[in-house]
Amino acid sequence: MPGKIYVLIDHGQGKIRGGSWEALALGQQIASGTGKTLHAVLLGQQTADLAGQVAGKRVDSVITAQDDRLAEYDPDAYTAALQQIVQADTPDLLLMAHIYQNIDLAPKVAAALGRGLVTDCIGYRLNEGQLVFVRQMFRNKLNADIKIHSEPPWIITLQAGAVPIDDLEEGSGTVESRSVDLSSVPENRVQLEAIQAMKGKVDLNKADVIVGVGRGIKKADNLKIIEDLAQALNAEIGASRPVVDNDWLERERQIGSSGQTVSPKLYIGCGISGAIQHVVGMKSANCIVAINSDANAPIFNIATYGIVGDLFEIVPSLTKKLRE
Amino acid sequence: MNIVTCLKEVPGRETRYRINSAQSWIDESGVTAEINECDEYALEEALKLKEKHAGEVTILSIGRTRSEKSIRKGLAMGADRAILVEDEEDKVRSPHAAAAVLAGALRDEECDLILAGTQSDDFGYGQTGTILAQLLGLPHATIVMEVEALPEQGKVKALREMEAGWFQWVEMPLPAVLTIQAGISQVRYASLKGIMQAKKKEIRRIALDELGLNLDSLPRLEVSRLYFEESASKAEILQGDTETVVNTLVDKLRKEARVL
């Protein structure tokens, strides 16, 4: 089944987003498995240098669309541009990184095109020529194989880290500039200021050991046992999102996609289930210990050592042992 | 301001999942349903906006008759009325279909703002609100942490979550669709008075068929298999009582992983 795979390449501050390289690597894999050609799509303004970088990978071509309306992300302009390109070229697949921008964009494109979209994929299978996409459901506790029933292109967003960037193959593709007409696209959504949450007070990156605390701690008053463990280990305390949302700890201690990314020698997760939004921020720790009462918690899939049990018993006992 | 807030019932947070024998869905026996987490925060935002700008909050839901319990809870929290599109056979299982049904149910409604949760805790596709916006021809913003309505200017400002601790304010004309992130506020409890009042509030029921939609013509996502992750437990699970596991762990951290 020949055909074409398109990959949207995202960029910011003059750099290509890591997730887009992963999406391109996925495109290369599917292209190899199916014989389809692979094409990158780069929207923006003054993207020649970026297009050159992408063309240095194993792609058949890089399609660039330049327009003032594409200089910054605007859902209406981006949707219209992708719609024009896709409707002219009729690819089978449109791949994107599952980053915040595409969480906003992909469903709009899917609706505008009237095509099926599977978000946050962690893999795919090729079953007798039919592509099936794998994603997590039910608060990431179960995996599902998803079949798409729609005309092509099927739209896919890829979870960060699902395909290693190391898999990306070098090569050389052509660069092709495409004109899009965005003159009739409404200017509905205006970007105002961007703000960064209290950066700098706590730099978890300097810590060799991090004790991570999650929803399992139940309330702020219970944090004493975590503080004691951190002190015994000379560790910093990190947190998953619910802990920060509940104001049990400061937001700058949040680890994960909307917080800090850390890679300590030792990470001890206490009462953390291991939602992907947290895991992307700490999975590169050398050694991960998980303490959780739910044996099915996804944190045990990435941990080095696991203890299934009550953190209110285990953590004080561990602190005591370390102080001996 | 008239605000519509979408609300879905999902398996509760404490659910211990089992898969059905066809491996096509969860075994729903014994599963307790609750309001989808993000949707509860969306409702909270709607109620706060109503307190500030007056108007009406309408809950919009697709579900089985039994979803009434969650809807009553939302009415008890302070919503004024509800619309339930009854889908007794659970036909609406894809984002395009859900969005089309929601749009259909809103055909005769006048609203200034539509809120939805960013993502559901069952399928978790994270698409429905945005597709709804596109079907209605309205602007949208996703993963919203804060809402500031400016009805006299016909605008709404929304703070979107971005990567790595960044947030972005965006501004759109009303009406608009915002998808709300969980955890952004303290969701109120229903008061006793609220619970009593909720019993008398209107739930308008619409049969799915009444909307006259051809759901089969829409893009559809089929869960062809549901399963626990196969690369089960990469962690070495330490066995024994508390003292044993703690001793084993410290020993391994010192001698095997050499991180202490």
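Chain A is the first sequence line, chain B the second, and so forth, proteins listed ahead of strands; every chain is numbered from 1.
With B:S224 contributing its side chain and A:D145 its backbone, the two residues share a donor-acceptor pair below 3.5 Å. Between the side chain of A:T119 and the main chain of B:Y125, a donor-acceptor pair closer than 3.5 Å is present. A donor-acceptor pair is defined here as one N or O able to donate and one able to accept, closer than 3.5 Å; no such pair exists between the side chain of B:H96 and the backbone of A:L117. Not a single donor-acceptor pair under 3.5 Å links the side chain of B:D121 to the backbone N or O of A:R139.
Results of the side-chain contact (heavy atoms from CB on, under 4.5 Å) test with B:L253 over A:T304, A:L266, A:L318 single out A:L266 as the only residue that passes.
For chain B, no part of A:I291 is nearby; none of its heavy atoms comes within less than 4.5 Å. Heavy atoms of A:V289 lying under 4.5 Å from chain B belong exclusively to its side chain. Heavy-atom distances place no part of A:V244 under 4.5 Å from chain B, backbone and side chain included. With a 4.5 angstrom heavy-atom cutoff, A:S258 touches chain B via backbone and side-chain atoms both. For chain B, no part of A:Q260 is nearby; none of its heavy atoms comes within less than 4.5 Å. Contacts of A:P242 with chain B are absent, with no heavy-atom separation under 4.5 Å from either backbone or side chain. In this structure, chain B has no heavy atom under 4.5 Å from any part of A:D310.
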Checking side-chain contact (heavy atoms from CB on, under 4.5 Å) for the pair A:L142/B:F228: CA distance, chi angles, key distance, verdict? CA-CA 5 Å; A:L142 299 174; B:F228 286 97; 3.4 Å; yes
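Under the 3.5 Å distance criterion, with hydrogens and angles disregarded, a donor-acceptor pair is assigned to the side chains of A:Y305 and B:E256.
The most heavy-atom pairs under 4.5 Å with chain B, out of A:C287, A:G281, A:A194, A:P298, come from A:A194.
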